[in-house]
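Only heavy atoms go into these numbers, but all of them, side chains included; no hydrogens, no water, no symmetry mates. In what follows, every chain begins at residue 1, and chains take the letters A, B, ... in the order their sequences are listed.
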Amino acid sequence: MTGTYLGMPAFPQAARDAVRDPVLRGNLRHATHTIRAKRARAVGELSDWAELREAGRRIKDHTLRHLDRYLVQLEESVTAAGGTVHWAADAGEANRIVARLVKETGESEVVKVKSMATQEIGLNEALEAEGIRAYETDLAELIVQLGRDRPSHILVPAIHLNRGEIRDVFRSEMGAWGRPAPEDLTDAPAELAEAARLHLREKFLRAKVAVSGANFMVAETGTLVVVESEGNGRMCLTLPQTLISVVGIEKVVPTWRDLEVFLQTLPRSSTAERMNPYTSMWTGTTDEDGPRAFHLVLLDNGRTDTLADQVGRQALRCIRCSACLNVCPVYERAGGHAYGSVYPGPIGAILSPQLRGTGSEIDASLPYASSLCGACYEVCPVAIDIPEVLVHLRERVVEGGPAVRQGNKVVLRPARGHAAERAAMRAARWVFARPGALRAGQRLASRTRRLHPRALPGPGRAWSGTRDLPAVPPEPFRDWWQRTNGGKDGTE
Amino acid sequence: MSSRDRVLGRVRRALADVTPDDRPYEEAVRRDYLREHGGPTARRTVELLAENLADYRAIVHRSGASELPSLIARLLAARDAGPVVVPSGLDEGWLAAADVTRIPDRAESTPADLDRAGSVVTACAVAIAETGTIVLDGSPDQGRRRISLVPDHHICVVRVPDQVVSSVPQALERLDPARPLTWISGPSATSDIELDRVEGVHGPRTLEVILLG
Ligand code: SF4
């Protein structure tokens with residue numbers, strides 16, 4: 001997808017580095033546990049959560065099933081409202097379109113609001129090569145950009161840095177990009193936020209071109225929706241004269257009314273709030289309010305290949321809330337960078353190998369970066385059965401078989417005996433060696449015991465040939481111990 | 001072949017296994033969720049709005065029509081933050097008692113002009129009690145989107161109970177997608193530093209909501 005991640009070590013090597021870093025581990029544990037508890041409270045406030053989740057699943061499935069129809073309708077609506085629609089089959093094409101649109105304005109810099117899609121295609125680097133500087137404006141993205149780092153969480157990309165580290169990055173790097181940080185900057189979060197406010201304000205006030213993504217696009221009305229917290233999104237969406245939005249084709253929903261589901265489930269699942277501070281909705285251009293030119297770049301880049309997979313296509317329902325990261329015992333221990341893509345955690349483990357294919361070591365090992373505990377499925381607001389897709393992808397890695405790559409039918413070779421298989425097995429072993437990660441995995445395994453073969457599928461099978469896979473007991477020992485008070489209360 | 005045709009062609013081939021479903025959309029997607037949670041009385045809805053606004057650190061005031069000008073004058077004087085941006089269709093009377101320099105909301109103003117303002121006063125289109133949200137739709141009494149963004153202090157007047165709904169679904173029914181919409185739930189905030197919520201990054205750091213009724 002992007003040059004940034006090429007040459008990434010496969011999951012287990014990268015994860016091992018994370019585990020050795022005590023600061024990173026502490027940051028991750030604190031962050032994921034805090035947000036997990038808050039999310040549970042926010043979701044608990046809605047008595048109809050299960051129904052909202054089911055409606056979200058159905059809306060997305062229905063849309064995917066008729067995706068061609070809704071994309072054409074979206075194009076018509078956006079065009080009728082004064083926007084221009086572009087289509088990009090892959091990352092390179094999307095980058096070329098954006099670079100051309102920026103050049104046509106005569107500008108050489110753009111402000112950006114956080115967007116997974118533009119990270120996925122490596123837009124900043126592509127613009128840089130064309131002499132265009134892209135400024136990230138989300139606080140966390142700014143931290144990551146200034147620190148020449150990579151994001152490690154969908155929603156809190158700098159989750160791996162603590163306040164002291166952030167202060168150091170601001171002090172040493174801000175000056176090279178614009179207004180420097182104050183000399184006496186401390187590590188108080190309010191002071192750090194103030195430094196970012198001042199640093200970015202001059203950029204917002206002079207910006208002529210902005211690049212964004214979008215959380216939703218409404219086919220019926222042509223409306224785009226951006227959900228955010230800081231106000232940098234609003235700055236980018238309203239102050240510049242030209243707005244370019246790069247959005248994956250799976251982000252379309254059929255009707256205006258569909259937003260009533262996702263605007264309830266997304267904020268509560270992601271930031272654990274009843275509602276995020278700011279949501280912007282715009283339909284084409286408006287006379288004398290906001291950008292005069294609006295371009296929508298519709299991005300495929302592996303999405304239609306994913307759509308062709310009957311089991312894997314459910315990953316396209318994802319609304320990027322990051323709830324699955326925050327509950328994942330493997331993510332908590334391995335950290336976001338181990339996933340080698342802009343999409344970390346459980347969703348990354350099923351999305352990256354589908355968008356990019358399973359050819360590389362990192363992508364072949366990702367489906368094994370899980371204990372299949374099922375916590376991700378339980379919190380997912382669009383009910384993506386991540387464990388089901390993981391098992392399916394494991395089979396694909398090991399057995400090979402038919403798939404679609406760049407729109408063409410191909411037959412994948414089995415990974416057996418190749419480096420990819422060794423990487424996958426190392427990932428599996430890494431997970432099996434983590435008692436915490438495995439504990440949760442055991443619990444689910446016993447719940448679904450009748451569905452489990454005595455041998456693991458895929459490389460697990462080869463592996464269980466040499467080291468016997470114990471049969472899954474009806475109830476894991478640990479659970480039995482806790483439930484029965486160590487066997488003392490005489491129940492079974 | 002154009003990229004448009006290429007992408008649409010890939011979508012159609014990817015869906016070759018899917019049987020067509022020609023039911024109308026309303027039937028294809030069942031919606032068993034609630035239209036609102038609890039269905040409280042109009043008075044309780046306004047209370048809930050006030051609670052949820054305050055929970056996300058908006059400052060909430062209540063006012064009758066006659067005290068409104070003096071309340072707004074007081075809030076602006078207390079900030080002493082410089083000129084006030086005024087949307088073209090704002091009720092003349094609201095600022096009658098305020099002794100402040102006004103900056104009209106004009107198309108030709110630059111963002112830098114707006115940056116000199118300290119405060120902005122607007123009305124709103126609708127407010128949502130369950131989430132503590134106010135929504136602006138760019139009507140003449142609310143102005144262009146940027147005027148409620150660049151100044152550091154935003155005073156927003158909500159007519160209660162008429163402009164208040166309970167839930168997100170009810171709010172969407174009232175809103176016109178053709179207008180540019182801004183949903184605001186508390187002041188700008190970030191949790192990007194160790195997940196500590198810090199108020200105020202780029203949007204107004206102080207949001208004051210006046211419940212008028
Ligand atoms: S897979 Fe589900 S839980 Fe994970 S980010 Fe996507 S929508 Fe959220």
Is it the side chain or the backbone of [X] that comes within 4.5 Å of chain B heavy atoms, both, or neither?
X: A/T306; answer: neither
X: A/L298; answer: neither
X: A/E194; answer: side chain
X: A/R167; answer: neither
X: A/E202; answer: neither
X: A/T286; answer: side chain
X: A/T304; answer: both

Can you see whether [X] engages [Y] through a side-chain donor-acceptor pair at a distance of less than 3.5 angstrom?
X: A/E93; Y: B/S3; answer: yes
X: B/Y25; Y: A/D258; answer: yes
X: A/R234; Y: B/S148; answer: yes
X: A/E260; Y: B/Y33; answer: yes

At a heavy-atom distance under 4.5 Å, which candidate from [options] has the highest pair count against chain B?
options: A/T137, A/T223, A/I59; result: A/I59
options: A/G284, A/A88, A/S280, A/P254; result: A/P254
options: A/G231, A/G407, A/A55, A/G222; result: A/G407
options: A/L46, A/V404, A/L263; result: A/L46

Could you check whether atom [atom1] of [X] has more than 12 heavy atoms from other residues, nucleotides or ligands sitting under 6.0 Å from it?
X: A/Q406; atom1: CD; result: no
X: A/R292; atom1: CZ; result: no
X: A/D287; atom1: CG; result: no

Where is the tightest heavy-atom contact between [X] and [Y], given as atom of each residue plus distance?
X: B/P180; Y: A/D289; answer: CG-OD2, 3.7 Å
X: B/V7; Y: A/A89; answer: CG2-CA, 4.0 Å
X: A/G290; Y: B/R145; answer: CA-NH2, 3.6 Å

Note, [X] side chain near [Y] side chain (heavy atom, < 4.5 Å):
X: A/D300; Y: B/R10; result: yes
X: A/V227; Y: B/W183; result: no
X: A/P277; Y: B/I184; result: no
X: A/Q264; Y: B/S167; result: no
X: A/E75; Y: B/L8; result: no
X: B/V29; Y: A/R257; result: no

Please evaluate residues A/D90 and B/R6 with respect to the criterion salt bridge (Lys or Arg N to Asp or Glu O under 4.0 Å), reporting the C-alpha separation (whole Å), side-chain torsions for both, the decisive distance (0.1 Å), and the verdict.
CA-CA 11 Å; A/D90 56 30; B/R6 183 171 303 127; over 6 Å; no
Set of salt bridge (Lys or Arg N to Asp or Glu O under 4.0 Å) partners for B/R146, sequence neighbours left out
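Expected list: none.
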Would you call [X] and [Y] a salt bridge, using N to O less than 4.0 angstrom?
X: A/D305; Y: B/R13; answer: no
X: B/D152; Y: A/R197; answer: yes
X: A/R274; Y: B/E130; answer: no
X: B/R30; Y: A/E51; answer: no

Under a 4.5 Å cutoff for heavy-atom pairs, which residue among [options] has the most contacts with chain A?
options: B/L34, B/L149, B/T182; answer: B/L149
options: B/D17, B/L136, B/L114; answer: B/D17
options: B/V18, B/D55, B/T131, B/V168; answer: B/T131
options: B/P187, B/P177, B/G9, B/A14; answer: B/P177

Kindly compute the distance separating CG (A/D48) from CZ (B/R35), expressed to the nearest 0.5 Å.
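It is 10.5 Å, given to the nearest 0.5 Å.
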How long is the straight-line distance from CG of B/L15 back to CG of A/L64, given to the nearest 0.5 Å?
8.0 Å
Criterion side-chain contact (heavy atoms from CB on, under 4.5 Å) on A/W256 and B/L175, from CA distance to verdict
CA-CA 10 Å; A/W256 174 247; B/L175 292 165; 4.1 Å; yes
A/R65 (side chain) donor-acceptor with B/T19 (main chain) under 3.5 angstrom
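Yes, the answer is positive, given that a donor and an acceptor are paired below the 3.5 Å cut-off.
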Residue pair A/T283, B/R179: steps toward the side-chain contact (heavy atoms from CB on, under 4.5 Å) verdict
CA-CA 7 Å; A/T283 303; B/R179 309 192 69 93; over 6 Å; no
What salt bridge (charged side-chain N to carboxylate O under 4.0 Å, His left out) pairs are there with at least one residue in residues 115-126 of chain B, not counting sequence neighbours?
A/R201-B/D115, B/D113-B/R116
Less than 4.5 Å to any heavy atom of chain A: does that hold for the side chain of B/V150, its backbone, both, or neither?
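Contact with chain A: backbone and side chain both.
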Side chain, backbone, both or neither: which part of B/R106 has a non-hydrogen atom closer than 4.5 Å to chain A?
neither
Step by step, would you call B/V11 with A/L307 a side-chain contact (heavy atoms from CB on, under 4.5 Å)?
CA-CA 7 Å; B/V11 170; A/L307 186 65; 4.0 Å; yes
Using non-hydrogen atoms and a limit below 4.5 Å, what part of residues 156-163 of chain B faces chain A?
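Hits under 4.5 Å: none found.
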For chain A, which residues from residues 201-213 of chain B lie under 4.5 Å away (heavy-atom distances)?
B/V201, B/H202, B/G203, B/P204, B/R205
